[in-house]
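All values derive from a computational prediction rather than experimental measurement. We count ligands from 1, going down the list as the structure has it; atoms in each ligand are counted the same way.
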Amino acid sequence: MSELNEKRILVTGGAGFIGSHLTEELLRQGHSVIVLDNLSSGILNNLPKHKRLTFVEGDIRDFDLVDKLVKRSDMVFHLAEYIPTTMSYGSGHVVKYSIDAPLQDFDVSARGTLIVLNSAKKYGRKFIFTSTAAVYGGANFPLKEDFQPIPASPYGASKLCAEEYVRLYYRIYGLPTSIARLFNVYGPKQSKYVMYDVLLKLKQNQFYLEMLGTGDEIRDFVYVDDVVKALILIAQDEFATGEVYNVGSGKPIRINEMIHIMLELLGIRPEVKFAGSSWKGDVKNLIADISKISMIGYRPECSLSKGLVKLINWFKSTNRVQEGL
Ligand SMILES: NC(=O)c1ccc[n+]([C@@H]2O[C@H](COP(=O)([O-])OP(=O)(O)OC[C@H]3O[C@@H](n4cnc5c(N)ncnc54)[C@H](O)[C@@H]3O)[C@@H](O)[C@H]2O)c1
């Protein structure tokens, strides 16, 4: 995996799914990491106990706290975002949450990002922002970074708004910033979204599975280790400054095929029914074109079936489900 020169790294949202995997890799590479997380959906158990890791429970909208932590860091990975967990929010989709609570979504996603970004500018710290494929609004063909984004949900819109500030801070103030538009990330420690939903429902009833949508929707599922690799590549490559990159596997798959693979791996054959429709704002297809990030050396390594085995093994071993997390 690519290595960074920086020594003290602030990871906002570091107690969450992707943030905790990123934190572990940064620690493995010898860095000191400060995690800022308000534990609204992340959990402390996601993080290792490590002498080079400092955990700070707090909010990215707390100006003084953010300012103090950014000052102490050499660079920032900004991942914090409020994404409800499955138990507390249907099947936990951030799109649904943002439609029900657009102001709250905006407040963390856009205003919160601006607060962290502004401190990064004050101290001249490199700033890597995790945006989302939801900014595009979906299409039947692979999405490229230079397509005009037309978000279909408040979540996509608030992330796009945050992106615009990140780009502006690069153009106006010369702050070294980069944006990663993540597609459907999955892996151990993820307790929301479609794969987790499948596992959770099958745990309750292994003979019958009912899912939202039609099953024909196409997504690009990318294993979390590949995403961590991409984020670090983007952070360490000088050509990535001022740029936006799609991060996916480059291997789109229909939801019903993905579920079929999961069932094969689980060795069960439940009756599978699709509700026929999904939430407003949940787009039909999100297909990643990853040619741009390939130019800086990104090569996704984990196949869907290998990644699913790791996810399933984690799911079976965790007591998180029993704990209601
Ligand atoms: N998981 C995916 O498939 C996916 C896809 C596209 C984009 N992303 C982006 O990646 C980032 C990480 O997502 P994730 O899947 O790890 O989600 P997650 O919910 O597991 O992690 C988000 C973390 O942010 C923390 N947080 C929320 N609000 C906060 C606040 N106000 N102050 C401080 N901390 C706060 C949460 O407690 C949580 O630990 C997010 O920015 C998300 O938009 C994720």
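Between Lys144 and Asp146 no salt bridge is recorded (no basic side-chain N to carboxylate O distance below 4.0 Å).
Side chains of Asp226 and Tyr298: a donor-acceptor N/O pair is absent below 3.5 angstrom, by distance only.
If you chain together hydrophobic residues whose side chains sit under 4.5 Å apart, Leu286 and Val194 never meet in one group.
Applying the ring-ring contact (aromatic ring centres under 6.0 Å, His included) criterion to Tyr123, with sequence neighbours excluded, gives no partner residue.
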Less than 3.5 Å apart, which donor and acceptor atoms pair up between the side chains of residues 239-249 and the rest of the protein, not counting sequence neighbours?
{"from": "Thr241", "atom 1": "OG1", "to": "Glu238", "atom 2": "O", "distance (Å)": "3.3"}
{"from": "Glu243", "atom 1": "OE1", "to": "Lys292", "atom 2": "NZ", "distance (Å)": "2.7"}
{"from": "Asn246", "atom 1": "OD1", "to": "Tyr136", "atom 2": "OH", "distance (Å)": "2.6"}
{"from": "Asn246", "atom 1": "ND2", "to": "Leu143", "atom 2": "O", "distance (Å)": "2.7"}
{"from": "Asn246", "atom 1": "ND2", "to": "Asp289", "atom 2": "O", "distance (Å)": "3.0"}
{"from": "Ser249", "atom 1": "OG", "to": "Asp220", "atom 2": "OD1", "distance (Å)": "2.9"}
{"from": "Ser249", "atom 1": "OG", "to": "Phe221", "atom 2": "O", "distance (Å)": "3.2"}
{"from": "Ser249", "atom 1": "OG", "to": "Lys251", "atom 2": "N", "distance (Å)": "3.0"}

Quick one: side chains of residues 10-23, donor-acceptor pairs under 3.5 Å with protein atoms, not counting sequence neighbours, listed by atom name and distance.
{"from": "Thr12", "atom 1": "OG1", "to": "His78", "atom 2": "ND1", "distance (Å)": "2.7"}
{"from": "Thr12", "atom 1": "OG1", "to": "Leu79", "atom 2": "N", "distance (Å)": "2.9"}
{"from": "Thr12", "atom 1": "OG1", "to": "Ala80", "atom 2": "N", "distance (Å)": "3.1"}
{"from": "Ser20", "atom 1": "OG", "to": "Gly16", "atom 2": "O", "distance (Å)": "2.7"}
{"from": "Ser20", "atom 1": "OG", "to": "Phe17", "atom 2": "O", "distance (Å)": "3.0"}
{"from": "Ser20", "atom 1": "OG", "to": "Lys189", "atom 2": "NZ", "distance (Å)": "3.2"}
{"from": "His21", "atom 1": "NE2", "to": "Pro188", "atom 2": "O", "distance (Å)": "2.8"}
{"from": "Thr23", "atom 1": "OG1", "to": "Gly19", "atom 2": "O", "distance (Å)": "2.7"}

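The contact shell of ligand 1, taken as protein residues with any non-hydrogen atom closer than 4.0 angstrom, comprises Gly13, Ala15, Gly16, Phe17, Ile18, Asp37, Asn38, Leu39, Ser40, Ser41, Gly42, Gly58, Asp59, Ile60, Arg61, Leu79, Ala80, Glu81, Tyr82, Ile83, Val108, Thr130, Ser131, Thr132, Tyr155, Lys159, Leu182, Phe183, Asn184, Val185, Gln190, Lys192, Tyr193.
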